[in-house]
Engineer: 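Handing you a structure now.
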Amino acid sequence: KVIEHYPSKRAEGHAERGVNYVGVLKYSQASADYSAAIELKPQDSLAYSRRGYVNLTTRDYASAITDISEAIRLDSLPGAPGPHHNDLLNRGIAYSSSNKVADARQDFDKLIELGPENAEAYYQRGRINLAKSLDNVSDLKAAIEVGEHADAKATLALVLASRGNA
């Protein structure tokens with residue numbers, strides 16, 4: 001109703017409806033609403049971030065990278081709050097899923113620098129190390145240490161078992 005009755009709040013209405021669509025897994029409708037919000041308010045970093053998340057969820061990694069990069073750019077402008085941790089994490093995952101390992105590692109490194117307690121960032125960086133056959137499980141151990149990360153525990157156990165170190 002906000003969209004129809006309050007023209008000055010149309011961008012926010014589309015963005016909120018997009019959130020509701022994501023909640024019920026209607027990703028194409030959510031993406032359309034986020035696109036409408038962006039068209040009405042092109043400086044809205046959150047709409048780009050949310051559409052990027054939808055693209056990541058639907059495995060449209062190139063679009064996810066584009067949208068999340070724009071959210072990060074907008075949030076990095078003077079007077080803006082700086083990039084959101086979820087944006088760095090999600091873009092890193094999209095890069096990793098697109099085999100852009102150096103870019104993914106850069107996002108995970110930055111995220112760990114900003115919040116060394118972020119277990120998911122350690123876990124994702126550890127997955128990259130393992131995928132590239134790097135003999136490095138320290139990030140998996142860090143993910144477990146700082147956040148009791150269940151996936152990191154399982155992955156580490158598999159790696160150690162495969163090496164005969166379980």
Side-chain angles (χ1 to χ4, degrees), residues 1-115 117-132 139 143 147 149-152 154-155:
K1 292 185 181 207
V2 170
I3 295 169
E4 296 144 10
H5 297 296
Y6 302 98
S8 66
K9 299 286 186 186
R10 286 181 62 212
E12 292 86 353
H14 281 291
E16 283 306 310
R17 191 167 66 184
V19 169
N20 292 332
Y21 280 135
V22 167
V24 294
L25 310 179
K26 293 185 175 187
Y27 297 119
S28 62
Q29 293 96 323
S31 184
D33 267 327
Y34 293 139
S35 294
I38 290 166
E39 188 173 319
L40 292 165
K41 196 174 175 185
Q43 299 301 313
D44 184 358
S45 64
L46 190 54
Y48 282 102
S49 175
R50 288 176 173 168
R51 189 173 69 181
Y53 171 78
V54 167
N55 290 328
L56 177 62
T57 301
T58 60
R59 297 185 172 140
D60 181 356
Y61 301 123
S63 295
I65 291 166
T66 299
D67 281 342
I68 297 169
S69 293
E70 181 61 9
I72 291 170
R73 185 191 74 76
L74 290 169
D75 283 336
S76 298
L77 293 173
H84 293 280
H85 292 199
N86 282 345
D87 287 337
L88 289 169
L89 179 65
N90 289 338
R91 187 175 69 178
I93 292 169
Y95 278 139
S96 177
S97 298
S98 301
N99 294 317
K100 296 179 178 182
V101 176
D103 293 325
R105 186 183 320 277
Q106 186 175 6
D107 278 350
F108 299 140
D109 288 347
K110 179 68 173 175
L111 188 52
I112 290 166
E113 176 188 317
L114 293 171
E117 72 289 344
N118 192 315
E120 187 66 23
Y122 285 108
Y123 171 65
Q124 293 296 335
R125 191 171 70 181
R127 288 181 63 233
I128 290 172
N129 290 340
L130 293 173
K132 289 297 177 187
D139 283 328
H149 196 286
D151 288 339
T155 303

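All values below were derived from every heavy atom in this structure, side-chain atoms included, with hydrogens, water molecules and symmetry-related copies excluded. If you read the sequence from its start, that first residue is 1, and numbering goes on from there.
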Engineer: Once you round to the nearest 0.5 Å, how far does OG of S35 lie from CG of L40?
Structural biologist: 11.0 Å
Engineer: Hey, what do you get for CD1 (I93) to OG (S98), rounding to the nearest 0.5 Å?
Structural biologist: 11.5 Å
Engineer: Looking at residues at least two apart in the chain, or sitting in another chain, which of them share a side chain to side chain contact (heavy atoms under 4.5 Å, CB included) with S76?
Structural biologist: I72, P83
Engineer: Rounded to the nearest 0.5 Å, how far apart are CD of E117 and OH of Y122?
Structural biologist: 8.5 Å
Engineer: Using atom types as modelled, flag every donor-acceptor pair under 3.5 Å from a side chain in residues 22-31 to any protein atom, sequence neighbours excluded.
Structural biologist:
none

Engineer: Suppose the criterion is salt bridge (charged side-chain N to carboxylate O under 4.0 Å, His left out): which pairs have a residue in residues 70-89, not counting sequence neighbours?
Structural biologist: E70-R73
Engineer: Just to verify, what does D109 make a side-chain hydrogen bond (donor to acceptor under 3.5 Å, both in side chains) with, not counting sequence neighbours?
Structural biologist: R125
Engineer: Minimum heavy-atom separation for A15 and R50, please, with both atom names.
Structural biologist: O-NH1, 4.1 Å
Engineer: Rounded to the nearest 0.5 Å, how far does CG of L46 lie from CG of L74?
Structural biologist: 11.0 Å
Engineer: Listing request: all salt bridge (charged side-chain N to carboxylate O under 4.0 Å, His left out) pairs with a residue in residues 93-103, at least two apart in sequence or in separate chains.
Structural biologist: none
Engineer: Test side chain to side chain contact (heavy atoms under 4.5 Å, CB included) on Y34 and V19 and set out the steps.
Structural biologist: CA-CA 9 Å; Y34 293 139; V19 169; 3.6 Å; yes
Engineer: Which residues pass the side chain to side chain contact (heavy atoms under 4.5 Å, CB included) test with A104, not counting sequence neighbours?
Structural biologist: Y95, S96, F108, I128
Engineer: For A47 and I38, work out which heavy atoms get closest and say how close.
Structural biologist: CB-CG1, 3.6 Å
Engineer: Distance check, rounded to the nearest 0.5 Å: H84 atom NE2 versus L114 atom CG?
Structural biologist: 12.0 Å
Engineer: To the nearest 0.5 angstrom, please state how far the CG atom of L77 sits from the CD atom of Q43.
Structural biologist: 7.0 Å
Engineer: Which residues pass the salt bridge (charged side-chain N to carboxylate O under 4.0 Å, His left out) test with E113, not counting sequence neighbours?
Structural biologist: K110
Engineer: Please name the pair of heavy atoms, one in G52 and one in A64, separated by the smallest distance, quoted to 0.1 Å.
Structural biologist: O-CB, 3.5 Å
Engineer: Of all heavy-atom pairs between Y48 and P42, which one has the smallest distance, and what is that distance?
Structural biologist: CE1-O, 3.3 Å
Engineer: Among pairs that include at least one residue of residues 88-99, which meet salt bridge (charged side-chain N to carboxylate O under 4.0 Å, His left out), considering only residues two or more places apart or in two chains?
Structural biologist: R91-D107
Engineer: Please name all residues satisfying side-chain hydrogen bond (donor to acceptor under 3.5 Å, both in side chains) with E120, sequence neighbours left out, ordered by chain then number.
Structural biologist: Q124, H149
Engineer: My understanding is that only residues two or more places apart in sequence, or in another chain, count here; which of them pass side-chain hydrogen bond (donor to acceptor under 3.5 Å, both in side chains) with N90?
Structural biologist: none
Engineer: Determine which pairs satisfy side-chain hydrogen bond (donor to acceptor under 3.5 Å, both in side chains) with at least one residue from residues 52-61, sequence neighbours left out, and list them in order.
Structural biologist: N55-D67, D60-S63
